[in-house]
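Step one of this worksheet: look at the structure below.
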Amino acid sequence: MDQVSSLPALRVNPFRDRICRVFSHNNVLSFEDVLGMASVFSEQACPSLKIEYAFRIYDFNENGLIDEEDLQRISRRLLNGNDVSEDLLTDLTSHVLNESDLDNDNVLSFSEFEHAMAKSPDFMNSFRIHSWGC
Amino acid sequence: MKYLSEWDQWKRYSSKSWERFIEKAREMTTHLELWREDIRSIEGKFGTGIQSYFSFLRFLVLLNLVIFLIIFMLVLLPVLLTRYKITNSSFVLIPSKGADIQCTVYPISSSGLIYFYSYIIDLLSGTGFLEDTCLFYGHYTMDGVKFQNFIYDLPLAYVLSTVAYLALSLLWIVKRSVEGFKSNLIRSEEHFQSYCNKIFAGWDFCITNRGMADLRHSSLRYELRADLEEERIRQKIAERTSEETIRIYSLRLFLNCIVLAVLAACFYAIYRATIFSQEHMKKEIDKMVFGENLLILYLPSIVITLANFITPIIFAKIIHYEDYSPGFEIRLTILRCVFMRLATICVLVFTLGSEITSCDNYSCELCGYNQKLYPCWETQVGQEMYKLMIFDLIIILAVTLFVDFPRKFLVTYCSSWKLFRCWGQQEFAIPDNVLGIVYGQTICWIGAFFSPLLPAVATLKFIIIFYVKEISLLYTCRPSPRQFRASNSNFFFLLVLLIGLCLAIIPLTISMTRIPSSKACGPFTNFNTTWEVVPKMVSTFPSSLQSLVHGITSEAFAVPFFMIICLVMFYFIALAGAHQRVVVQLREQLSLESRDKRYLIQKLTEAQRDMRNRLD
């Protein structure tokens with residue numbers, strides 16, 4: 001898995017460990033797994049496929065839902081600073097849940113995530129990888 | 001197992017091979033895309049905001065090329081074929097009847113032995129040897145081209161080419177902006193840059209460079225902090241007391257009056273500069289010194305460029321005191337600068353128009369326009385547009401050469417001086433650059449009627465600008481921490497371009513329908529105004545078609561049509577409002593459902609506990 005993490009396409013990605021984990025079987029990435037990964041991230045992949053895999057990547061504790069703890073970890077990875085205050089993280093988490101948590105249960109289920117990503121204008125542009133090699 | 005019949009098999013095979021063919025064709029056309037590699041590498045190094053600027057520039061290059069092809073096919077081709085004797089055709093020259101012989105006098109300056117510098121002046125200002133070439137309107141002084149089997153109506157083709165390129169530009173821009181507008185309409189303003197979008201789609205998975213990744217982290221940090229800050233300011237605004245509100249509104253009124261005063265001052269300066277330049281252009285070239293001549297010729301362009309430099313700075317200072325939220329501040333400043341830039345061209349054209357139709361003694365009643373000073377006024381307007389375009393290109397090249405590169409040089413090698421370190425390398429300012437190229441495109445749209453080759457000049461100019469800006473970006477700019485989002489920018493660029501197109505149509509319609517066409521040059525010597533060609537053509541139609549056309553253009557049709565369109569628009573607005581209310585209701589229903597579910601699960605666990613207790 002470290003070999004795949006050090007590919008040029010994934011080297012600087014803050015979610016590279018989650019990507020490798022989602023696409024691997026038994027902690028090992030076979031050729032078919034890497035092929036599957038490349039096809040999900042390609043430009044021609046359909047949105048529903050991308051949204052499904054994005055959900056699994058962002059679900060850090062793998063309980064099938066994106067809860068506040070996952071959101072805090074995502075925000076921390078994105079901001080990547082040592083001076084990120086707790087208030088900022090809680091603020092961000094509450095705003096995200098305000099916008100996309102439709103049934104007010106403080107977690108994002110897959111259908112809520114899917115709905116939010118369908119409305120997002122930048123998702124399809126961001127969630128793709130052009131070239132994998134050097 | 002079901003076997004397919006022969007027909008079904010063949011159908012499936014043919015549809016599969018058709019799909020494969022379409023895929024291959026699509027792949028090949030993406031390879032033909034202009035500057036694909038350049039734009040991809042810019043996207044990788046500087047982000048999607050700057051990449052959308054260069055895609056926009058490429059779109060304008062293609063648009064100008066297509067406009068030039070339309071004008072070439074309709075106007076230039078028959079003229080060139082006849083002039084260079086490629087086909088066996090001749091010009092049709094109908095002598096004008098009814099107009100005074102004095103109106104047809106057109107003194108063309110003799111091209112004898114001229115100094116070399118007047119050659120350069122002619123090249124830069126379109127006078128002298130360039131005036132009579134096919135670059136300008138005055139060259140097309142013919143009423144038709146007689147081919148073997150038919151007569152090609154050149155005046156009609158000229159008007160139709162103008163209408164065609166305006167309509168094509170409008171349709172193409174609207175088509176490109178429909179995608180951006182759809183996504184803009186679905187969500188309300190607050191949610192457009194929503195937190196979900198930033199957190200889940202904030203990281204661009206294409207980034208492979210460590211420096212770019214650090215930049216992305218810092219820009220995300222900046223954006224999220226700015227959004228939370230904006231939220232805080234919005235809450236503060238909502239909690240304002242009434243006397244504070246009154247104070248703020250009166251301050252805003254006062255500052256808007258200052259903005260209007262600044263605009264009026266700039267417009268007046270351009271008006272006076274144009275009049276001064278037009279009056280002194282009539283002097284002989286030999287009597288003037290080289291530099292003075294060029295200065296007078298370019299005076300309107302210089303004043304416009306100075307105004308466009310100074311006013312954004314003034315607007316940026318003023319808006320601080322108006323106490324808006326940061327996002328609205330940026331949008332309002334950009335809107336004011338857009339209006340300023342595009343309105344200056346309109347002021348220039350209207351000044352020229354007033355000069356052309358104003359005369360102090362008798363000469364206006366004779367021909368309808370100031371025949372003494374402007375024997376061929378369309379050519380002279382075309383020359384002004386040509387000068388604006390050339391000057392714009394010179395300024396962009398000069399700024400890149402004499403400001404960007406020395407700044408980078410000084411900051412890199414003299415960084416021991418605190419002044420240079422504070423100044424820093426420059427960032428690529430997207431709104432200013434976009435306004436620059438929209439300004440150039442508006443000049444091209446206005447000028448293409450008066451100077452048919454102007455779109456070709458504009459295409460070359462934009463190609464040069466692409467390479468100059470790319471080199472300047474790669475070698476002198478540092479990436480900015482404030483990233484423009486691509487989804488937002490595409491719509492913004494096309495909106496500004498659409499404003500430019502609307503502002504370009506106004507002077508064109510006025511000059512085509514109100515000002516009498518020159519009797520001394522051009523294809524419209526036998527008509528009162530340029531637009532008269534169309535009614536004359538309609539009168540040659542069969543009578544049923546004629547009455548149809550007259551019916552469609554009469555008031556009896558136009559007013560009910562307008563009212564029906566208004567009703568349809570109100571219906572759609574009401575429908576959108578109703579859908580919005582339904583969405584709010586459905587959201588409330590969803591949260592109620594989940595509460596019901598939790599209540600029922602609670603009841604169920606209680607009931608199960610009771611039953612277990614009873615069993616024990």
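So that the names make sense, note that chain A is the first sequence line, chain B the second, and so on, each numbered from 1.
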Inter-residue atom distance [X].[atom1] - [Y].[atom2], 0.5 Å rounding:
X	Y	atom1	atom2	result
A/L108	B/C196	CG	SG	6.5 Å
B/F205	A/I57	CZ	CD1	5.5 Å
B/R216	A/N13	CZ	CG	11.5 Å
A/Q44	B/E23	CD	CD	7.0 Å
A/F127	B/D204	CZ	CG	12.0 Å
A/L92	B/L228	CG	CG	5.0 Å

Chain A contacts, top residue of B/E588, B/Q589, B/R210 (heavy-atom pairs, under 4.5 Å):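 Ranked by contacts with chain A, first place is B/R210.
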Most contacts with chain A, counted as non-hydrogen pairs under 4.5 angstrom, among B/R598, B/R595, B/K597, B/E593: B/R598
Steps toward ring pair (Phe, Tyr, Trp, His ring centres under 6.0 Å) verdict (B/F200, A/F123): CA-CA 7 Å; B/F200 292 125; A/F123 178 70; 8.7 Å; no
Max heavy-atom pair count under 4.5 Å with chain B, selected residue of A/I129, A/L78, A/V96: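 Counting heavy-atom pairs under 4.5 Å, the top option is A/L78.
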Nearest heavy atoms of B/R587 and A/E99, plus distance in Å: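 Taking every non-hydrogen atom into account, NH2-O, 3.4 Å.
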Non-hydrogen atoms of B/W203 and A/P14 that approach each other most closely: CE2-CD, 3.3 Å
Derivation and outcome, side-chain contact (heavy atoms from CB on, under 4.5 Å), residues A/L88 and B/R225: CA-CA 8 Å; A/L88 182 68; B/R225 286 216 173 98; 4.2 Å; yes
With a 4.5 angstrom heavy-atom cut-off, which part of [X] approaches chain B: side chain, backbone, both or neither?
X	result
A/L71	side chain
A/M124	neither
A/I74	side chain
A/I19	side chain

Sidechain-backbone polar pair: A/S120 side chain, B/N197 backbone, donor-acceptor under 3.5 Å: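 Side chain of A/S120 to backbone of B/N197: no pair is present.
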Salt bridge (Lys or Arg N to Asp or Glu O under 4.0 Å) partners of residues 43-58 of chain A, not counting sequence neighbours, each pair once: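 Of all non-adjacent pairs touching residues 43-58 of chain A, those that pass salt bridge (Lys or Arg N to Asp or Glu O under 4.0 Å) are A/E43-A/R128, A/E43-B/R40.
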